[in-house]
Chemist: 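First the structure, which I've put down as structure tokens, then a few questions once you've had a look.
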Amino acid sequence: MKPVIGVLGNLSTVEDGAVTHAFVNQSYIEAVEKAGGIPLVFPVGTDWKSTAHLLERVDGLLVTGGLDVHPFYYDEEPYQELGAILPNMDLFHIEAIRKAVEMQMPILGICRGAQVMNVAFGGTLFQDLNHIPTMVLKHQQAGSRTLGMHYVEIEEGSQLRKLIGARVMVNSMHHQSIKEISPDFRVVAKASDGVVEAIERKEYGFCMGVQWHPEEMIRVSSAMKPIFQSFVNATRTENIGGK
Ligand code: MN
């Protein structure tokens with residue numbers, strides 16, 4: 001039986017408010033399938049307390065990318081460059097992550113997903129990298145989403161380093177990043193300008209967040225496949241899906 005991977009859904013923002021779409025990017029679905037998992041998209045419910053019931057039906061949780069996190073959740077006022085926010089979606093994602101950690105479920109967070117993981121356990125974010133004088137690399141790339149943009153240096157002794165090596169090229173589609181790391185996590189990769197690019201939860205099976213988008217890169221290269229493979233394999237070995 002293949003493991004079932006919960007994929008946290010997103011909501012679209014529509015300017016006139018007439019229609020809101022529930023969605024995930026297809027690249028997440030394909031990446032989970034390529035690694036041998038069955039993706040199951042979680043809609044952003046209006047009753048976030050029911051998240052636990054959904055989580056009991058899956059073996060791992062993929063926290064997808066998307067909009068900015070409301071700075072309310074890390075005790076900051078919103079700056080002008082903050083992007084579109086959906087606080088109810090933030091709360092849904094935060095609660096889902098906390099519950100999944102409580103269940104000791106394997107978790108992979110991507111881009112916003114890594115940021116929400118950090119915020120869910122007391123970390124903070126830079127609301128806009130353009131205002132940090134030292135953080136000068138091109139973190140919001142133009143052109144293809146599969147394109148490698150900048151290098152990241154990966155810490156010795158981390159799970160991530162065992163999977164993809166010490167120094168790799170990654171794509172970059174973010175204007176925010178992790179500022180203060182949650183005490184429950186450690187930084188395991190940085191860009192050369194100091195931007196946090198990956199985190200891992202301390203004393204846990206598989207709980208990793210990456211600031212780049214491996215699900216896009218594996219469409220054209222196998223370099224990032226070990227991240228998804230290790231995530232899905234962790235669901236099999238840890239076998240803590242609650243079913
Ligand atoms: Mn970056």
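All ligand and atom numbering here is 1-based and tracks the order in the structure.
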Chemist: Could you identify the N, O or S atom of His174 positioned closest to the Mn ion (ligand 1)?
Modeler: NE2
Chemist: What does the angle at the Mn ion (ligand 1) come to, between atom ND1 of His139 and atom NE2 of His150, rounded to 10°?
Modeler: 90°
Chemist: Can Lys190 and Glu197 be counted as an ion pair, charged N to O under 4.0 angstrom?
Modeler: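 A salt bridge is absent here (no side-chain N lies under 4.0 Å from a carboxylate O).
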Chemist: Strictly under 6.0 Å, is that where the ring centroids of His139 and His150 end up?
Modeler: yes
Chemist: Checking Gln159 side chain against Gly205 main chain: does a donor-acceptor pair fall under 3.5 Å?
Modeler: yes
Chemist: Applying side-chain contact (heavy atoms from CB on, under 4.5 Å) to Ser158 and Arg186, what does each step give before you reach the verdict?
Modeler: CA-CA 9 Å; Ser158 65; Arg186 66 188 185 114; 3.9 Å; yes
Chemist: Looking at Glu197, pick out the N, O or S atom nearest to the Mn ion (ligand 1) and give its name.
Modeler: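 This residue's closest N, O or S atom turns out to be OE2.
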Chemist: Between Asn171 and the Mn ion (ligand 1), is there a contact where an N/O/S atom of the residue lies under 2.8 Å from the metal?
Modeler: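 Checking the Mn ion (ligand 1) against Asn171, no N, O or S atom falls under 2.8 Å.
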